[in-house]
**Q** 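Provided herewith is a single structure, encoded as structure tokens, for subsequent inquiry.
Each chain gets a letter, A, B and so on, in the order the sequences are listed, and its residues count up from 1.
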Amino acid sequence: MNFQKEIEKWYEIHKRDLPWRHTRDAYVIWLSEIILQQTRVEQGLPYFKRFLEAYPSVKDFAAADEQQVLKLWQGLGYYSRGRNMLFTAREVEKYHEGCFPVQYEELIKLKGIGEYTAAAISSFSSGEARAVLDGNVFRVLSRYFGIDTPINSSEGKKEFTALAQELLKGQNAMVYNQAIMEFGALQCKPKSPDCIVCPLQESCYALRHKRVNDLPVKLKKLVKRNRYFNYFILKQGEKILVNKRGEGDIWQHLYDFPLLETLSEHELFNQDLDQQIRNAYGKDVLIRSLMATKHVLTHQIIYVQFFALDNYIINFNSGADIKWVSRAELDELPQPKVIAGFINAKLTK
DNA sequence: AACGCGGGGTA
DNA sequence: TACCCAGCGTT
């Protein structure tokens, strides 16, 4: 039996029962695929269900507003996915009469849909013969065929794309694409895969050459940047001051609080910063520490401190990005995880 | 081609 | 701690 048939056979036995595997509706598949970008199935599943319930059709999605979409997306990360989905839903309403495209060449034009997602949606909804190439497929092919070209180089991308497309020939794209990804996720796992029970153990290059832990090859490590966020909680009666985050940084269009970013953790106790606070909020402002925490992202580590400011004078222009909201309104705003955590822990309902 | 973008699971 | 996850958009 060849590679593809072994994979499909394994899949029929071990596949998980996932809701998006029971439909060929391109809209529903699109929803699942965007949510699952860089996201584990177990993490994305509850979000998929909530989104499908909130927006049963692309028409419903197109009618949503950004704040509502981001609130539903809260906690899932990579928030541009949610914003791009809204944009694309509206495009589909406008230019495809609400009928979600199923062809690769149409899908690839849409915002938030790249080569992987276009291949996934087209093959799962219409059976188009486009090979999916995601982290799972890279790993399986790299190990089984012993390819050590870095998967994140342009050469590697070309090489693996060609191989994946070649392997798809003569297969049922709808089944085979699902199968090889599921095989990568459950059997050919990144760490300590169970090669002892793998149906491909005899023909797998990496296993025969003891290279399972070396493949796939990936170029360079990510350098994490340290950042220090000092948030200020300002209250006026029932109202609290919030800030809508702008372009060019993390958490675009989500809400946090007035922020002073510093270059080191203890800078807050430096005179300069103390002076900055007093300049911004008034000379006699009282600063009370409320909470300190470390928030780890893929590309940065953020040391976050929250302070209550008492006796402050509002001394800054309240631009469109800053506003006073009630506690009930606050709960409706989309927030980064660390902000939601603080509100939950330290602000009374 | 390189970089920025979240949050969580695993060993 | 280090790596990875049904990647994509921007520069």
Side-chain angles (χ1 to χ4, degrees), chain A residues 15-16 18-21 29-48 70 73-85 87-88 107-124 130-140 142 150-158 164 177-186 188-194 213-225 227 245 247-254 256 294-302 334-341:
Chain A
K15 67 179 172 188
R16 290 168 288 185
L18 301 171
W20 47 85
R21 288 191 176 145
I29 294 167
W30 168 70
L31 211 53
S32 73
E33 289 301 335
I34 303 297
I35 287 172
L36 291 173
Q37 287 169 2
Q38 293 292 284
T39 304
R40 286 161 205 283
V41 167
E42 310 84 70
Q43 190 189 0
L45 191 51
Y47 286 85
F48 170 78
L70 288 177
W73 201 273
Q74 180 174 308
L76 196 54
Y78 286 154
Y79 296 93
S80 66
R81 290 183 290 171
R83 291 187 282 108
N84 288 339
M85 278 186 107
F87 182 88
T88 287
L107 291 162
I108 196 75
K109 296 176 189 166
L110 299 171
K111 193 165 282 189
I113 298 182
E115 289 175 15
Y116 162 75
T117 306
I121 299 174
S122 62
S123 65
F124 300 156
R130 298 280 183 168
V132 291
L133 190 54
D134 72 336
N136 293 309
V137 179
F138 272 119
R139 188 169 54 254
V140 172
S142 161
I151 61 173
N152 55 345
S153 66
S154 45
E155 189 195 348
K157 206 179 150 196
K158 245 196 271 180
N177 273 344
Q178 293 270 6
I180 190 168
M181 285 196 288
E182 189 80 333
F183 183 80
L186 300 182
C188 198
K189 297 179 294 183
K191 303 276 173 130
S192 55
D194 247 348
N213 293 323
D214 309 332
L215 293 172
V217 175
K218 210 168 176 178
L219 286 176
K220 87 175 112 170
K221 291 159 196 172
L222 185 64
V223 185
K224 281 196 178 169
R225 176 164 67 118
R227 299 179 75 178
R245 295 183 61 82
E247 324 298 314
D249 201 351
I250 54 174
W251 305 326
Q252 240 179 76
H253 298 189
L254 273 67
D256 58 1
K294 187 169 98 165
H295 192 63
V296 181
L297 305 181
T298 301
H299 42 285
Q300 38 191 293
I301 300 172
I302 307 176
Q335 303 136 7
K337 201 78 173 169
V338 67
I339 299 298

**Q** Atom NZ of residue position A:Lys15 - does it have more than 12 heavy atoms of other residues, nucleotides or ligands inside 6.0 Å?
**A**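 More than 12 within 6.0 Å, yes.
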**Q** For the pair made of CG in A:Asp134 and C1' in C:dC4, what is the distance, rounded to whole Å?
**A**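 Distance, rounded to whole Å: 12 Å.
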**Q** Side chains of A:Ile35 and A:Trp20: closer than 4.5 Å at any heavy-atom pair?
**A**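 No, every pair of side-chain atoms sits at 4.5 Å or beyond.
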**Q** Quick check: on DNA chain C, is the nucleotide nearest A:Leu133 upstream (toward 5') of the one nearest A:Lys224, or the reverse? Name the residue that is more 5'.
**A**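 In this pair, the answer is A:Lys224.
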**Q** Within the structure shown, what part of the strands sits under 4.0 Å from A:Asn177 by heavy-atom distance: base, sugar-phosphate, or nothing?
**A**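 A:Asn177: no heavy atom of the nucleic acid under 4.0 Å.
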**Q** Are OP1 or OP2 of C:dG7 and a side-chain N or O of A:Gln38 less than 4.0 angstrom apart?
**A**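 For C:dG7, OP1/OP2 do have a side-chain N/O of A:Gln38 under 4.0 Å.
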**Q** Just checking A:Thr117: base, sugar-phosphate only, or nothing, at a heavy-atom cut-off of under 4.0 Å?
**A**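 The residue A:Thr117 makes sugar-phosphate contact but no base contact.
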**Q** Extract, from 5' to 3' on DNA chain B, the first and final nucleotides lying under 4.0 angstrom from some heavy atom of chain A.
**A**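 Terminal contacting nucleotides, 5' to 3': B:dA1 to B:dA11.
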**Q** Go through C:dC3, C:dG7, C:dA6 for me and flag the one nearest to the A:Tyr78 side chain.
**A**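 My answer, after comparing the listed nucleotides, is C:dG7.
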**Q** Surrounding NZ of A:Lys189 (heavy atoms of other residues, nucleotides or ligands, distance under 6.0 Å), is the total greater than 12?
**A**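 Counting neighbours around NZ of A:Lys189, more than 12 heavy atoms of other residues, nucleotides or ligands fall under 6.0 Å, so yes.
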**Q** Base, sugar-phosphate, or nothing for A:Thr39, non-hydrogen atoms under 4.0 angstrom?
**A** base
**Q** Find the distance A:Ile35:CD1 to C:dC5:C1' and express it as a whole number of Å.
**A** 15 Å
**Q** C:dG9 C1' sits how many Å from A:Tyr116 OH, rounded?
**A** 18 Å
**Q** Quick check: any donor-acceptor pair below 3.5 Å linking the side-chain of A:Arg21 to the base of C:dA6?
**A**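 Yes, the side chain and the base share a sub-3.5 Å donor-acceptor pair.
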**Q** How long is the span from the CG atom in A:Leu31 to the CG atom in A:Leu36, to the nearest 0.5 Å?
**A**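 So the CG of A:Leu31 and the CG of A:Leu36 are separated by 9.5 Å.
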**Q** Send over the distance from A:Leu107 CG to C:dG7 P, rounded to a whole Å.
**A** 17 Å
**Q** Determine the sole option in A:Gln37, A:Arg130, A:Glu33 for which the side-chain hydrogen bond (donor to acceptor under 3.5 Å, both in side chains) test with A:Tyr116 is passed.
**A**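 Answer after filtering A:Gln37, A:Arg130, A:Glu33: A:Glu33.
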**Q** Provide, to the nearest angstrom, the distance between the CD atom belonging to A:Glu115 and the C1' atom belonging to C:dC8.
**A** 10 Å
**Q** Give the minimum heavy-atom separation between A:Gly75 and A:Tyr47, together with the two atoms involved.
**A**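 Closest approach of A:Gly75 to A:Tyr47, heavy atoms only: C-OH, 3.3 Å.
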**Q** Select from A:Lys191 and A:Gln335 the residue whose nearest nucleotide in DNA chain B is closer to the 5' end of that strand.
**A** A:Gln335
**Q** Can you find a pair of side-chain heavy atoms, one from A:His253 and one from A:Tyr79, that are under 4.5 Å apart?
**A** no
**Q** Pick the P atom in C:dA6 and in B:dA11, then give their distance to the nearest Å.
**A** 14 Å
**Q** With nearest nucleotides of DNA chain B determined for A:Asn152 and A:Leu76 from heavy-atom distances, which residue corresponds to the more 5′ nucleotide?
**A** A:Asn152
**Q** With a non-hydrogen cut-off below 4.0 angstrom, is A:Arg139 in contact with a base, only sugar-phosphate, or nothing?
**A** sugar-phosphate
**Q** Pick base, sugar-phosphate or nothing for A:Gly75, based on heavy-atom distances below 4.0 Å to the nucleic acid.
**A** sugar-phosphate
**Q** Answer with base, sugar-phosphate or nothing: what part of the nucleic acid does A:Trp73 contact at a heavy-atom distance below 4.0 Å?
**A**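 No contact.
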**Q** Mind calculating the distance between CD (A:Gln252) and C1' (C:dT10) to the nearest angstrom?
**A**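 Value for this atom pair: 11 Å.
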**Q** May I ask you to say what A:Gln178 touches in the nucleic acid, namely base, sugar-phosphate or nothing, with a heavy-atom cut-off under 4.0 Å?
**A**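 Base contact - A:Gln178 has a heavy atom under 4.0 Å of at least one base atom.
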**Q** Test of understanding: with side chain to side chain contact (heavy atoms under 4.5 Å, CB included), list the residues that count as partners of A:Arg16, not counting sequence neighbours.
**A** A:Leu18, A:Arg21, A:Val41, A:Glu42, A:Glu182, A:Ala185, A:Leu186
**Q** So, does A:Arg139 use its side chain to make a donor-acceptor pair with the main chain of A:Gly184 at under 3.5 Å?
**A**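 Here the side-chain-to-backbone pair exists.
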**Q** Whole Å only: how far is the CD1 atom of A:Ile121 from the C1' atom of C:dG7?
**A** 12 Å
**Q** Distance between the P atoms of B:dG6 and C:dT10, in whole angstroms?
**A** 14 Å
**Q** What nucleic acid atoms does A:Thr298 come within less than 4.0 Å of, heavy atoms only: base, sugar-phosphate, or nothing?
**A** base
**Q** Given atom NE2 of A:His299 and atom P of C:dC8, what is their separation to the nearest angstrom?
**A**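 So the two atoms are 18 Å apart, to the nearest Å.
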**Q** From the set C:dG9, C:dG7, C:dC5, return the single nucleotide nearest to any side-chain atom of A:Lys111.
**A**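 Nearest listed nucleotide: C:dG9.
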